[in-house]
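Note sheet for the following structure.
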Amino acid sequence: QVQLVESGGGLVQAGGSLRLSCAASGRAFSSNAWGWFRQAPGKEREFVASIWWSGGTPAYADSVKGRFTISRDNAKNTVYLQMNSLKPEDTAVYYCAASRLMSTFSFNYDYWGQGTQVTVSS
C-alpha cells in the first residue's frame with residue numbers, strides 16, 4: 001500500500017504564496033505520474049496540475065497557469081506545488097495523487113493523500 005501525505009497548507013492573504021509538499025511512502029512506488037487536485041466547499045474536485053515522474057512538460061489548469069508550479073524530487077519521493085499570487089478563489093482542500101499516467105481526470109489516479117487546507121483571505 002502506498003501512502004501519500006500532504007503538508008504546507010495554511011492561511012495566507014491574497015497575493016501571497018504557499019508551497020505544498022506530498023511525500024510518498026509504503027510499497028515500492030511504481031506510479032508514473034503525480035497530480036494535484038483541489039476541492040472547494042460545495043464544489044466538485046478539480047484538476048490543478050500534473051507531472052510525469054520522469055519529468056517533462058507539466059500540465060496545468062487554466063485557472064492556475066502562470067501562478068502555480070508543480071515539481072518533483074524523485075530521490076525523496078516527493079512532489080511539490082508552489083503557489084504564487086494566490087487569490088481567494090484558490091481556497092480549497094488540496095489533494096495530491098499518484099497514477100500510472102498523467103491525466104486531468106481524478107478517476108485515473110490510484111492513490112490519494114488526505115488533503116491539506118489552503119485558505120486565502122481577501
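Not measured: the values here are computed from a predicted model.
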Is Leu18 reachable from Val93 through a run of I, L, V, M, F, W or Y residues, each pair having side-chain heavy atoms under 4.5 Å apart? no
What's the separation between atom OG1 in Thr57 and atom CH2 in Trp52, rounded to the nearest 0.5 Å? 12.0 Å
With a 4.5 Å limit on heavy-atom distance, are the side chains of Val2 and Asp110 in contact? no
Might you point out which heavy atoms bring Ser103 and Tyr109 nearest each other, and give the distance in Å? O-OH, 2.6 Å
Over all atoms of both residues, closest heavy-atom pair of Val120 and Asp90: CG2-CB, 4.3 Å
Nearest 0.5 Å, please: how far is CE in Met102 from CD1 in Ile51? 8.0 Å
Close side-chain approach of Gln39 and Ser106, heavy atoms under 4.5 Å: no
Students often mix this up, so state it plainly: with edges at 30° and 60°, are the rings of Phe37 and Trp112 parallel, tilted or perpendicular? tilted
How far apart are the closest heavy atoms of Leu4 and Ala24, and which atoms are they? CD2-CB, 3.5 Å
Considering all heavy atoms, the nearest Gln82-Asn84 contact: NE2-OD1, 2.9 Å
Side chain of Ser99, backbone of Asn108: donor and acceptor closer than 3.5 Å? yes
Taking all heavy atoms of Tyr60 and all of Ala49, pick out the closest pair and write down the distance. CD2-CB, 3.6 Å
Atom CD of Glu6 and atom SG of Cys22: how far apart are they, to the nearest 0.5 Å? 5.0 Å
Please state whether the rings of Tyr94 and Phe68 are parallel, tilted or perpendicular, taking 30° and 60° as the class boundaries. tilted
Tell me, do Val79 and Trp36 make a side-chain contact under 4.5 Å, heavy atoms counted? yes
Does any non-hydrogen side-chain atom of Met83 lie less than 4.5 Å from one of Arg67? no
Who passes side chain to side chain donor-acceptor pair (under 3.5 Å) against Glu89, sequence neighbours left out? none
Rounding to 0.5 Å, atoms CG (Asn74) and OG (Ser54) come to a distance of 8.0 Å
Carboxylate-amine/guanidinium proximity below 4.0 Å for Lys65 and Asp62: yes
Search all heavy atoms of Ala14 against all heavy atoms of Pro88 and return the closest pair with its distance. CB-CD, 4.1 Å
Is a donor on one side and an acceptor on the other found under 3.5 Å between the side chain of Thr116 and the backbone of Ser7? no
Rounded to the nearest 0.5 Å, what separation is found between the CG atom of Asn77 and the OG atom of Ser25? 8.5 Å
Hey, are the side chains of Trp53 and Trp34 touching, using non-hydrogen atoms and a 4.5 Å cut-off? yes
Can you tell me how far the CD atom of Gln117 sits from the CG atom of Leu11, to the nearest 0.5 Å? 9.5 Å
Can you confirm if the NZ or CZ of Arg19 lies within 45° of the ring axis of Tyr80 and under 6.0 Å from the centre of its six-membered ring? yes
Side chain to side chain contact (heavy atoms under 4.5 Å, CB included) for Arg38 and Leu81? Distances and angles first, verdict last. CA-CA 12 Å; Arg38 67 186 182 186; Leu81 185 68; over 6 Å; no
